[in-house]
Amino acid sequence: MPIAAASSRWRWTALGGRLGWWSPERRGIVPLDGLRVTKSMRQSAKRFEIRVDTAFVDVMRACGDPSREDGWITPEFIAAYTTLHQLGWAHSVEVFDRQGALAGGLYGVRINGLFAGESMFHAQRDASKVALMALVDLMRTSGMQLLDVQWCTEHLASLGAVDIPRREYLERLSQTARPSGLL
């Protein structure tokens with residue numbers, strides 16, 4: 001899976017439940033200097049505590065909640081990514097409320113300067129946005145360059161995600177080859 005992420009492909013379950021690897025003509029990214037952080041998001045962030053890699057499986061399970069529309073995260077997928085997490089490839093950013101409950105988070109694969117985001121969730125208002133804000137801050141601090149969000153959904157576009165052609169994505173991906181620390 002890390003090799004697939006590094007070569008601009010990601011796993012996706014196609015119709016009929018068959019596993020496929022995808023490298024679309026257009027790719028969604030969040031430019032690290034382009035995340036839109038509103039005043040209300042900054043206010044929401046004050047209500048939460050950010051942690052990294054302390055509840056990886058819990059974040060994956062919440063992202064894979066079968067009641068979520070268009071769910072695609074299977075138990076097998078969770079097992080595979082848990083192995084990647086144990087090997088140091090997959091990471092989670094977790095958002096906890098003041099009572100210590102997991103309020104939201106995201107996970108993905110990190111390869112040098114690339115973070116390939118897989119999924120995010122929120123159980124409380126703005127918690128997934130706060131996780132994204134924290135991820136971008138961590139990436140900036142550690143000198144990372146590329147936040148891949150796969151698709152530029154309406155929600156992600158409202159936060160600053162943009163759609164770029166595959167060729168441009170691959171050029172940016174080639175710039176992420178040097179290692180950096182932190183996440």
Side-chain angles (χ1 to χ4, degrees), residues 1-13 21-24 26-37 41 50-65 68 70-74 77-78 80-82 84-85 87-95 102-123 126-164 166 168-170 172-173 175-176 180 182-183:
M1 281 185 255
I3 293 168
S7 64
S8 87
R9 292 174 179 80
W10 77 80
R11 174 208 187 268
W12 199 265
T13 304
W21 292 96
W22 305 92
S23 181
R26 302 201 59 82
R27 193 64 163 249
I29 66 164
V30 174
L32 299 184
D33 61 354
L35 180 67
R36 290 190 195 113
V37 180
M41 284 170 58
I50 305 299
R51 300 181 198 165
V52 176
D53 289 340
T54 66
F56 183 84
V57 173
D58 295 331
V59 168
M60 280 205 73
R61 285 188 182 129
C63 289
D65 181 349
R68 287 180 71 178
D70 299 323
W72 53 273
I73 300 171
T74 64
F77 195 67
I78 292 171
Y81 270 76
T82 298
L84 288 176
H85 174 67
L87 293 171
W89 292 99
H91 301 279
S92 59
V93 176
E94 306 117 12
V95 177
L102 183 61
L106 59 82
Y107 77 95
V109 174
R110 190 245 169 118
I111 302 168
N112 298 326
L114 163 72
F115 190 87
E118 288 288 341
S119 189
M120 57 196 304
F121 85 98
H122 70 277
D126 291 338
S128 62
K129 294 175 189 175
V130 171
L132 183 60
M133 289 168 48
L135 174 64
V136 168
D137 285 344
L138 287 166
M139 290 180 69
R140 285 181 187 149
T141 300
S142 64
M144 294 176 71
Q145 303 98 348
L146 184 59
L147 175 50
D148 177 347
V149 295
Q150 300 177 1
W151 305 108
C152 186
T153 65
E154 187 176 319
H155 172 67
L156 288 171
S158 75
L159 298 171
V162 295
D163 227 2
I164 60 173
R166 182 189 302 153
E168 181 181 342
Y169 177 81
L170 291 172
R172 290 182 186 216
L173 186 61
Q175 303 292 315
T176 68
S180 54
L182 206 66
L183 188 67

Backbone of P24 reached by a side-chain donor or acceptor of R166 within 3.5 Å: yes

Going by heavy atoms in the side chains, are F56 and L84 under 4.5 Å from each other? no

Name the residue from N112, L32, I29, V30 that meets the side chain to side chain contact (heavy atoms under 4.5 Å, CB included) definition with L146. I29

What distance do L173 atom CG and T176 atom OG1 have between them, rounded to the nearest 0.5 Å? 4.5 Å

Taking C-beta and beyond as the side chain, do D65 and F121 meet within less than 4.5 Å on heavy atoms? no

Can you measure from CE (M144) to CG (L138) and round to the nearest 0.5 angstrom? 9.0 Å

Is the shortest side-chain heavy-atom distance between D58 and E94 below 4.5 Å? no

Any side-chain heavy atom of Y107 within less than 4.5 Å of one from I73? yes

CZ of R172 to CG of L147: how many Å apart, nearest 0.5 Å? 11.0 Å

State, with a plain yes or no, whether a side-chain heavy atom of W151 is found less than 4.5 Å away from one of L156. no

Gap between atom CD of E118 and atom OG of S92 - 0.5 Å precision: 13.0 Å

In Å, rounded to the nearest 0.5 Å, how long is the span from CG of L87 to OH of Y81? 13.0 Å

Ignoring hydrogens, what is the shortest heavy-atom contact between D163 and G28? Give both atom names and the distance. OD1-N, 3.9 Å

Below 4.5 Å, heavy atoms only, C-beta onward: do V59 and L106 meet side chain to side chain? no

Non-hydrogen atoms of G105 and A131 that approach each other most closely: CA-CB, 3.9 Å

Which atoms form the tightest heavy-atom contact between A90 and D53, and what is the distance? O-OD1, 4.3 Å

Do the side chains of Q145 and Q175 get nearer than 4.5 Å, heavy atoms only? no

Do K129 and H155 come close enough that some side-chain heavy atom pair is under 4.5 Å? yes

From I78 CD1 over to M60 CE, what is the distance, rounded to the nearest 0.5 angstrom? 5.0 Å

Identify the heavy atoms of A127 and V95 that sit nearest to each other, and give their distance. O-CG2, 3.4 Å

